[in-house]
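Encoded as structure tokens, the structure appears first; notes follow it.
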Amino acid sequence: MTEPDDPSNSTDNTSTARSSEPNTDDEFTVTPYAVDGTIDYAKLLERFGADPLTDDQIERFPDQPMLRRRTFYAGRDVDRYLEAVASGEPHAIVTGRGPSGPMHLGHVLPLYLAKRLQESTGATVYVPLSDDEKFLAKEQSFESIGAHTRENLRDILAVGFDPERTRIVVDTADADVIYPIAVRLAKYLTPATVEAVYGQQDTVGLQFYPAVQATHLLLPQLVAGRQPTLVPIAVDQDPHVRVCRDVAAKDALPVEKPGALLGRFLPSLDGPGKMSSSSDAPSIELTDDPETVAETIRTHAYTGGRATLEEHRDHGGDPAVDVPFQYLRFFFENDDERLERIAADYRSGDLLSGELKEIAIDRITEFLTAHQQRRAELGSLEEALEPYQLTNSERRRALERAGVPSGLES
């Protein structure tokens, strides 16, 4: 399962969620391959058929700012997953990465949410890397994507998942498992279904790829048996979940339909409203040093402050459109009371935009310093990754449950 690219790195190949009124201010596109326009998250739920998270569901999840502040704001079959958590039944999380470039802050947030769920509930976590999809969807060579994959793997390992309960899968490296199961699932996907969900694809490779994505989402159950599976992803990746749920509903395999947690996009630095594949705003990479983080935010982060110091002192700023504040709200300020004090001081004019930027710089730098320290301690990638790879017995079980021969032996 892949997470969204930054909008600045997206290629518009589909038309999954597009306003029917062209050339209007509220037109927007949200697909696995492109995010563009002013996003109306409520309209997306109507189009995708997902349900807003309820207060009761939020309370039943482990406490985490991205949930309690509804950065992850909607889902599918969330109750089934929460019931399994409450009763101690096996349950799994799937959230992944499309390795087309360096990882940025927005890429890693679903992984830290998955880690929090694993720590609190004992969930098994699967992290697939869709290097093959990126070759099909991006103008990059396998060599380039392979280099990004190796660096992305270091960042994923630095999150700190429990190796006993975590499996990391790379499509091309684990093709002995992924490809046969994808072929099995592809038999239950028609071109009409793929086109209805994704729009017209440019290549037969991308037409086939939904079967690979479905394999990602069903792999925990194929390895360890039926169990509720939750997929925390940004909302643009929901088409993958919908197609997989259709396949799972056909009773072709011994699996349940996967559920989903759908999240809002971390705003780009040039503003929280419109997002565009042509945005020139930089992103904060997970390997950025403190000086780079500070310079990026001071220079590029859109603020909700007034034009002059006097106006700001008199009328205050708007934290709802202030990107440094939104970064704090999404993840980087855990304390709700402190966050509200920051917002109140900003609205009153007591806190200036530059001061708010410095708070965000401090919090993000603290997060990145800890992440980078764990990354630096990994040593050899091959040795660090080995405990997270599928075992031979897990590979055999997945293939057997999918009804695929595991070898040429009789």
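Worth saying up front: this structure is predicted, and the values here are computed from it rather than measured. Hydrogens, waters and symmetry mates play no part in the numbers below; they use all other heavy atoms, side chains included.
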Which distance, rounded to the nearest 0.5 Å, do you find between the [atom1] of [X] and the [atom2] of [Y]?
X    : Y    : atom1 : atom2 : value
Q372 : R154 : CD    : CZ    : 13.5 Å
L328 : R69  : CG    : CZ    : 8.5 Å
E355 : D350 : CD    : CG    : 9.5 Å
F142 : T172 : CZ    : OG1   : 6.5 Å
L385 : S380 : CG    : OG    : 9.5 Å

Could you tell me whether a side-chain N or O of [X] sits under 3.5 Å from a main-chain N or O of [Y], the two making a donor and an acceptor?
X    : Y    : result
D322 : G304 : yes
D40  : K43  : yes
Q221 : E256 : yes
D131 : G146 : no

If you look at every heavy atom in [X] and [Y], which pair is closest and at what distance?
X    : Y    : result
G49  : R76  : O-NH1, 3.4 Å
V404 : R184 : CG2-CB, 4.2 Å
R150 : L381 : O-CD2, 3.7 Å
L67  : L53  : CD2-CD1, 4.3 Å
R397 : V223 : NE-O, 2.9 Å
A260 : V241 : CB-CG1, 4.0 Å

Can you sort out the partners of [X] under ring pair (Phe, Tyr, Trp, His ring centres under 6.0 Å), two or more places apart, ordered by chain and number?
X    : result
F325 : none
F367 : Y112, F331, F332
Y73  : Y41

Does one side chain, of [X] or [Y], offer a donor that lies under 3.5 Å from an acceptor on the other?
X    : Y    : answer
Q213 : H216 : yes
H107 : N152 : no
Y209 : D171 : yes
S141 : E143 : no
S120 : R116 : yes
T193 : T190 : yes
D56  : T54  : no
Y346 : D318 : no
D162 : Q118 : no

Checklist entry - Listed by chain and number, what are the side-chain hydrogen bond (donor to acceptor under 3.5 Å, both in side chains) partners of N392, not counting sequence neighbours? => result none

Checklist entry - Counting heavy atoms not belonging to F208, are there more than 12 under 6.0 Å from its CZ? => result yes

Checklist entry - So R165 and F161, side chain to side chain contact (heavy atoms under 4.5 Å, CB included) or not? Walk me through it. => result CA-CA 8 Å; R165 294 182 176 272; F161 291 109; over 6 Å; no

Decide yes or no for [X] and [Y]: does some side-chain heavy atom of the first lie under 4.5 Å from some side-chain heavy atom of the second?
X    : Y    : result
T229 : H91  : no
L356 : T303 : no
L45  : P52  : yes
R242 : V197 : yes
L219 : I178 : yes
V194 : V243 : no
Y198 : Q201 : yes
V127 : Y388 : no

Checklist entry - Between I284 and L368, does a side chain to side chain contact (heavy atoms under 4.5 Å, CB included) hold up when you go through it step by step? => result CA-CA 10 Å; I284 297 173; L368 288 179; 4.0 Å; yes

[X] bridged to [Y] by N-O distance under 4.0 Å:
X    : Y    : answer
E59  : R68  : no
E340 : R347 : yes
K138 : E133 : no
R70  : D55  : yes
D155 : R97  : no
E139 : K134 : no
D345 : R341 : no

Checklist entry - When you look at L266 and H104, which way does the side chain to side chain contact (heavy atoms under 4.5 Å, CB included) test go after all the steps? => result CA-CA 10 Å; L266 184 70; H104 305 146; over 6 Å; no

Item to check | Trace of the side chain to side chain contact (heavy atoms under 4.5 Å, CB included) decision for Q389 with R167 | outcome: CA-CA 5 Å; Q389 294 178 313; R167 292 294 177 262; 5.9 Å; no

Checklist entry - A248: what forms a side-chain contact (heavy atoms from CB on, under 4.5 Å) with it, not counting sequence neighbours? => result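 Testing A248 for side-chain contact (heavy atoms from CB on, under 4.5 Å), a comparison that skips the adjacent residues, returns L218, V255, K257, P258.
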
Checklist entry - Which pairs, with at least one residue in residues 360-370 and sequence neighbours excluded, count as a side-chain hydrogen bond (donor to acceptor under 3.5 Å, both in side chains)? => result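 Counting only pairs at least two positions apart or across chains, the side-chain hydrogen bond (donor to acceptor under 3.5 Å, both in side chains) contacts touching residues 360-370 are E333-R363.
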
